[in-house]
Amino acid sequence: MRSPLQSDKPHSPACLHGVFEALQRLPSPPSCWKLKTVPSRGSTQHRSKRSCCHAQVHAAADLAEKAPETATADFNFEHYMYKRGKMINQALDKALPMAYPPDVIESMRYSLLAGGKRIRPALCLAACELVGGDLEKAIPSACAMEMLHTMSLIHDDLPSMDNDDMRRNKPTNHKVYGEDVAILAGDALLAFAFEHIARSTKNVAAERIVQVICEVGKAVGAEGLVGGQIVDLKSEGLGRGVGLETLQYIHEHKTAALLEASVVSGAIMGGANSQQIEDLRKYSRSIGLAFQVVDDILDCTSTSEVLGKTAGKDLATDKTTYPSLLGLERSKEVADELINAAHDALSSYDPHKAAPLRSLAEYIRSRKN
């Protein structure tokens with residue numbers, strides 16, 4: 001029987017969109033987990049029917065097994081991402097089993113195992129591979145990147161921040177569990193990410209583990225994600241009063257910093273030397289900014305159904321974006337320039353080993369959500 005991922009056309013990053021869409025259609029949370037929204041803080045209404053997320057993880061694994069087992073002559077990006085997705089989903093499920101207190105653990109798992117493209121852990125593992133490292137050494141860091149990304153989404157969706165009701169075509173965490181539990185779940189994921197790197201990384205020199213912890217801490221703190229978020233919040237409603245320099249600061253810190261940490265951490269765990277780390281830092285900074293430029297473009301050109309979150313919100317809140325400052329066409333040119341710069345940063349590496357990172361860059365260029 002023909003695999004649903006096989007095609008008469010050559011595989012390419014562009015056709016990965018269908019793969020990600022298939023992943024998004026997995027029953028997550030499973031139908032046996034009947035969620036109820038929380039009408040108000042402090043409500044005694046039963047928030048969810050307790051269930052583990054094993055069903056969705058195993059469903060993802062089953063789909064991953066349907067990927068073609070033999071890659072084509074060219075790099076098979078679909079196959080690669082399915083296998084990496086399976087690896088990460090299983091590792092995340094294992095890292096965060098149901099435990100006491102169940103309310104916060106359920107909330108953490110609800111968002112952490114809610115699907116998604118797993119770009120940050122994939123970048124982490126691809127960087128480890130590029131420098132000849134053992135993937136097992138980078139898996140804890142890769143999982144930590146997804147935990148931190150999930151934390152940022154939970155907090156970003158809160159009414160006091162971006163105030164979104166939908167994420168990945170499902171109710172946001174605070175709509176299901178309430179703002180109080182959502183805040184605590186995000187805090188717990190933030191703390192657990194560092195614990196997981198320190199506790200679960202094996203056969204890596206202690207100084208490299210500390211180096212990764214420092215890299216990640218900077219990426220999510222005031223010099224990274226938090227710094228970008230606060231400048232973003234203070235810039236709302238200013239429209240074109242926010243200049244390009246400030247907008248670039250927001251994007252480089254709020255979004256690109258964690259993508260950079262994902263790539264660099266994978267390289268460090270893989271045994272990269274200082275030159276390799278610098279090359280990959282250049283690559284990641286380019287794709288990180290490009291990711292957000294494309295996000296700005298999609299917000300004004302796509303739909304909520306495709307994005308899995310509210311579309312057109314930047315315009316509605318008079319938020320400064322690349323299209324609002326530079327126009328749509330110039331914004332597309334900027335994204336292309338950044339992706340091309342990312343490719344240039346990998347020019348000295350073996351094309352076969354660099355194929356995952358190059359393909360991920362092309363996916364960021366052409367992504368639809």
Side-chain angles (χ1 to χ4, degrees), residues 9-21 24 77 116-117 119-120 123 156 162 164 166-169 228-229 231-260 263 281-347 357-369:
K9 298 179 180 179
H11 297 291
S12 69
C15 56
L16 185 62
H17 298 304
V19 177
F20 286 142
E21 288 171 3
Q24 298 289 352
F77 191 40
K117 297 174 282 293
I119 288 176
R120 288 152 193 83
L123 285 167
D156 200 44
D162 276 4
D164 262 314
M166 296 297 295
R167 173 71 66 175
R168 294 169 177 165
N169 288 314
Q229 181 71 67
V231 176
D232 188 26
L233 286 171
K234 297 302 180 181
S235 300
E236 285 186 5
L238 299 180
R240 296 180 67 86
V242 177
L244 186 59
E245 185 177 346
T246 300
L247 179 61
Q248 185 168 329
Y249 177 92
I250 292 170
H251 286 350
E252 286 179 343
H253 291 75
K254 184 178 175 180
T255 302
L258 188 54
L259 286 164
E260 179 181 341
V263 174
R281 199 177 292 281
K282 291 177 181 177
Y283 162 86
S284 57
R285 285 178 176 173
S286 294
I287 64 163
L289 184 54
F291 189 96
Q292 191 58 50
V293 174
V294 172
D295 208 59
D296 285 356
I297 293 169
L298 291 174
D299 185 78
C300 60
T301 60
S302 190
T303 65
S304 298
E305 290 73 22
V306 173
L307 292 179
K309 59 182 181 179
T310 307
K313 195 163 187 186
D314 293 343
L315 182 61
T317 58
D318 197 23
K319 193 172 184 178
T320 307
T321 64
Y322 270 82
S324 71
L325 287 181
L326 303 179
L328 190 58
E329 291 309 311
R330 177 56 189 150
S331 297
K332 292 178 180 178
E333 291 173 358
V334 169
D336 285 339
E337 290 164 6
L338 289 165
I339 294 300
N340 292 341
H343 284 302
D344 289 344
L346 301 177
S347 60
L357 288 176
R358 287 187 178 277
S359 296
L360 279 159
E362 284 304 311
Y363 170 72
I364 289 171
R365 187 204 305 260
S366 61
R367 70 190 182 96
K368 304 301 181 187
N369 58 22

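Computed from a predicted model, the values in this text were never measured in an experiment.
In this structure, the salt bridge (Lys or Arg N to Asp or Glu O under 4.0 Å) partners of R285, at least two apart in sequence or on a different chain, are E260. The side chain to side chain contact (heavy atoms under 4.5 Å, CB included) check on E252 picks up Q248, L289, with sequence neighbours excluded. With sequence neighbours excluded, the residues satisfying side chain to side chain contact (heavy atoms under 4.5 Å, CB included) with Y249 are V231, H253. Judged as a side chain to side chain contact (heavy atoms under 4.5 Å, CB included), and not counting sequence neighbours, the contacts of A345 are K282, Y283. Every residue meeting the salt bridge (Lys or Arg N to Asp or Glu O under 4.0 Å) condition with D336, not counting sequence neighbours, appears here in chain and number order: R365.
From D296, atom CG reaches atom CG of L325 across 9.0 Å, with rounding to the nearest 0.5 Å. Distance CD1/I339 to CG/D344: 11.5 Å, rounded to 0.5 Å. For the atom pair CG (L259) and CZ (R120), the distance works out to 4.5 Å, reported to the nearest 0.5 Å. Taking OG1 from T301 and NZ from K368, the interatomic distance works out to 8.5 Å, rounded to the nearest 0.5 Å. Atoms CG and CD, from L338 and Q292 in turn, are 12.0 Å apart once rounded to the nearest 0.5 Å. One distance of note links CG of L357 with CD of E362; it measures 12.5 Å at 0.5 Å rounding.
Taking the ring axis of Y363 as reference, the NZ or CZ atom of R358 does not stay both within 45° of it and closer than 6.0 Å to the ring centre.
For E236 against D162, the heavy-atom pair with the smallest separation is OE2-OD1, 3.8 Å. Nearest heavy atom pair, residue V294 against residue I364, reads CG2-O, 3.6 Å. Considering every non-hydrogen atom in both L123 and L360, the closest pair reads CD2-CD1, 3.7 Å.
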For a side chain to side chain contact (heavy atoms under 4.5 Å, CB included) check, start with the C-alpha distance between D164 and D156, then their side-chain angles and the critical distance, and finish with the verdict. CA-CA 8 Å; D164 262 314; D156 200 44; over 6 Å; no
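No side-chain heavy atom of T320 sits less than 4.5 Å from a side-chain heavy atom of S235.
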For residues 327-335, which side-chain N or O atoms pair as donor and acceptor with protein atoms under 3.5 Å away, sequence neighbours left out?
| residue | atom | partner | partner atom | Å |
| --- | --- | --- | --- | --- |
| R330 | NH1 | E333 | OE1 | 3.1 |
| R330 | NH1 | E337 | OE2 | 2.9 |
| S331 | OG | Y322 | O | 3.2 |
| S331 | OG | G327 | O | 2.7 |

